[in-house]
Student: 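Here it is: the structure, laid out below.
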Amino acid sequence: MKISKIVELLGAEVVCGEDRLEEEVHSACGCDMMSDVLAFVKDQAVLLTGLCNLQVVRTAVMMDMKCIVFVRNKKPTDDILELARESDIVILTSPKRMYTACGVLYTNGLQGGTVAHS
Amino acid sequence: MSEPIRFHFDVDGDNFSSAGEASVQVKRMLRQIGISPDVIRKVSVAMYEGEINMVIHANGGDADVIVEPNKITIVLKDVGPGIADINLAMQEGYSTAPENVRSLGFGAGMGLPNMKRYTDDMKIESEVGVGTTVTMTVLF
Ligand SMILES: Nc1ncnc2c1ncn2[C@@H]1O[C@H](COP(=O)(O)OP(=O)(O)O)[C@@H](O)[C@H]1O
Ligand SMILES: [Mg+2]
């Protein structure tokens, strides 16, 4: 799925990385516990989260993710956007809640992907 | 044999917002010197969890990364409260982190198990009231 499709499906606003919306992503994960992301993510390129701080971006950097979706319209601060820009990570904000956002992407074909260390 | 490459960071314990900064820098530096992506992933995730621990449990400390031709060693040293029962601390889900840390996305008791999972060797030396040194090695 192209990131631009995620933008459309989630009614999202692109707050960083406008130039990378044509990149393909193949799986996603929805999570608020960053240690869980660090433990179980393998090659999920999209992180949906209700948490909005610098550690979310750093976690995405660690896991080589391409796109972060902040659900429930959480507005990232400038330092978050700066780090995302430096790290080539697309940032989206969506008015949808976590459960709905994940459900919409899943039913449109974006898979959960495989789990590391299983 | 080429000389080991060393990186050193002072990890600030006073503000949570900088927690993880050193690990992001290490990831970039390892990429620049051409370390393979899966090794970088292991080193940077293990260091990230350890760095977060130093900030939330020990008021910061020193981080050193030593790159040799076939291994990378990460040494995280703090003068925090120490760990009384290391076996207990290593259990998944065990955490003494306060609620405010959990609301920041950490404190699920997965940090030390993650560090062990991503490294080939991990050693914890800790004394209550003196501090903790975690040494991790990733081989390649
Ligand atoms: N550097 C440290 N100094 C003191 N205590 C630590 C340190 N690192 C870990 N601990 C102790 O070990 C526990 C488990 O650590 P960890 O698995 O990373 O979980 P978490 O950080 O989520 O609590 C912590 O809650 C804390 O009590
Ligand atoms: Mg931890």
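Per chain, numbering begins at 1; letters A, B, ... match sequence-line order.
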Student: What is the distance from atom CG of Leu38(A) to atom CZ of Phe106(B), rounded to the nearest 0.5 Å?
Tutor: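 The CG atom of Leu38(A) sits 5.5 Å away from the CZ atom of Phe106(B).
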Student: Is Lys75(A) atom NZ crowded by more than 12 heavy atoms from other residues, nucleotides or ligands, each under 6.0 Å away?
Tutor: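 Yes, the 6.0 Å shell around NZ holds more than 12 heavy atoms from other groups.
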Student: Can you tell me which portion of Asn53(A) sits under 4.5 Å from chain B's heavy atoms? Options are side chain, backbone, both or neither.
Tutor: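 Just the side chain, heavy atoms under 4.5 Å.
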Student: Could you tell me whether Lys71(B) atom NZ has more than 12 heavy atoms of other residues or ligands within 6.0 Å of it?
Tutor: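 Atom NZ in Lys71(B) is not packed in, count stays at 12 or less.
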Student: Give, as side chain, backbone, both or neither, the part of Asp79(A) having an atom under 4.5 angstrom from any heavy atom of chain B.
Tutor: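 Contact with chain B: none, neither part.
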Student: Step through the shown structure and confirm whether more than 12 heavy atoms of other residues, nucleotides or ligands are within 6.0 Å of NZ on Lys116(B).
Tutor: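 Incorrect, the count does not exceed 12.
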Student: Please report the interatomic distance CZ(Arg41(B)) to NZ(Lys42(A)), rounded to the nearest 0.5 Å.
Tutor: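 Arg41(B) CZ to Lys42(A) NZ: 9.5 Å, rounded to 0.5 Å.
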Student: More than 12 heavy atoms of other residues, nucleotides or ligands under 6.0 Å from CZ of Arg97(A): yes or no?
Tutor: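 Counting neighbours around CZ of Arg97(A), 12 or fewer heavy atoms of other residues, nucleotides or ligands fall under 6.0 Å, so no.
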Student: If you tally heavy-atom pairs under 4.5 Å against chain B, which of Asp64(A), Leu83(A), Val56(A) wins?
Tutor: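 With the most close heavy-atom pairs to chain B, the winner is Asp64(A).
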Student: Hey, quick one: are Val71(A) and Ile3(A) part of the same hydrophobic cluster, counting side-chain heavy atoms closer than 4.5 Å, chains of contacts allowed?
Tutor: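 Both belong to a single hydrophobic cluster.
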Student: Please tell me whether Phe7(B) and Val138(B) are part of a single hydrophobic cluster in this structure, the criterion being side-chain heavy atoms less than 4.5 Å apart.
Tutor: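 As far as the 4.5 Å side-chain criterion goes, Val138(B) and Phe7(B) are connected within one cluster.
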Student: Is the number of heavy atoms from other residues, nucleotides or ligands under 6.0 Å of Asp38(B) CG greater than 12?
Tutor: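 It does: Asp38(B) CG has more than 12 such atoms within range.
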Student: Would you say Val43(B) ends up clustered with Val75(B) if hydrophobic residues are merged whenever their side chains have heavy atoms under 4.5 Å apart, either directly or through other cluster members?
Tutor: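 Result: no, two separate clusters.
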Student: Apply the side-chain contact (heavy atoms from CB on, under 4.5 Å) test between Ser44(B) and each candidate in Arg58(A), Met62(A), Met63(A); give the one that qualifies.
Tutor: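 When side-chain contact (heavy atoms from CB on, under 4.5 Å) is applied between Ser44(B) and each of Arg58(A), Met62(A), Met63(A), only Met62(A) qualifies.
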Student: Among Leu54(A), Asp36(A), Thr59(A), Val57(A), which residue has the highest count of heavy-atom pairs closer than 4.5 Å to chain B?
Tutor: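 Highest number of pairs under 4.5 Å: Thr59(A).
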Student: Quick one: which residues of residues 15-36 of chain B reach chain A at under 4.5 angstrom, heavy atoms only?
Tutor: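 Contacts with chain A: Phe16(B), Ser17(B), Ser18(B), Ala19(B), Gly20(B), Glu21(B), Ser23(B), Val24(B), Lys27(B), Arg28(B), Arg31(B).
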Student: Go through the steps for Gln55(A) and Leu104(B) under the test side-chain contact (heavy atoms from CB on, under 4.5 Å), then give the verdict.
Tutor: CA-CA 8 Å; Gln55(A) 280 69 33; Leu104(B) 292 167; 5.7 Å; no
Student: Is there a chain of hydrophobic side chains (I, L, V, M, F, W, Y, each step under 4.5 Å between heavy atoms) that links Leu110(A) to Val90(A)?
Tutor: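 Yes, same cluster.
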Student: Can you establish whether the number of heavy atoms outside Tyr106(A) located under 6.0 Å from its atom OH is more than 12?
Tutor: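 12 or below, so no.
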Student: Rounded to the nearest 0.5 Å, what separates atom CE in Met115(B) from atom OG in Ser35(A)?
Tutor: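 Going from CE on Met115(B) over to OG on Ser35(A), the span is 10.5 Å.
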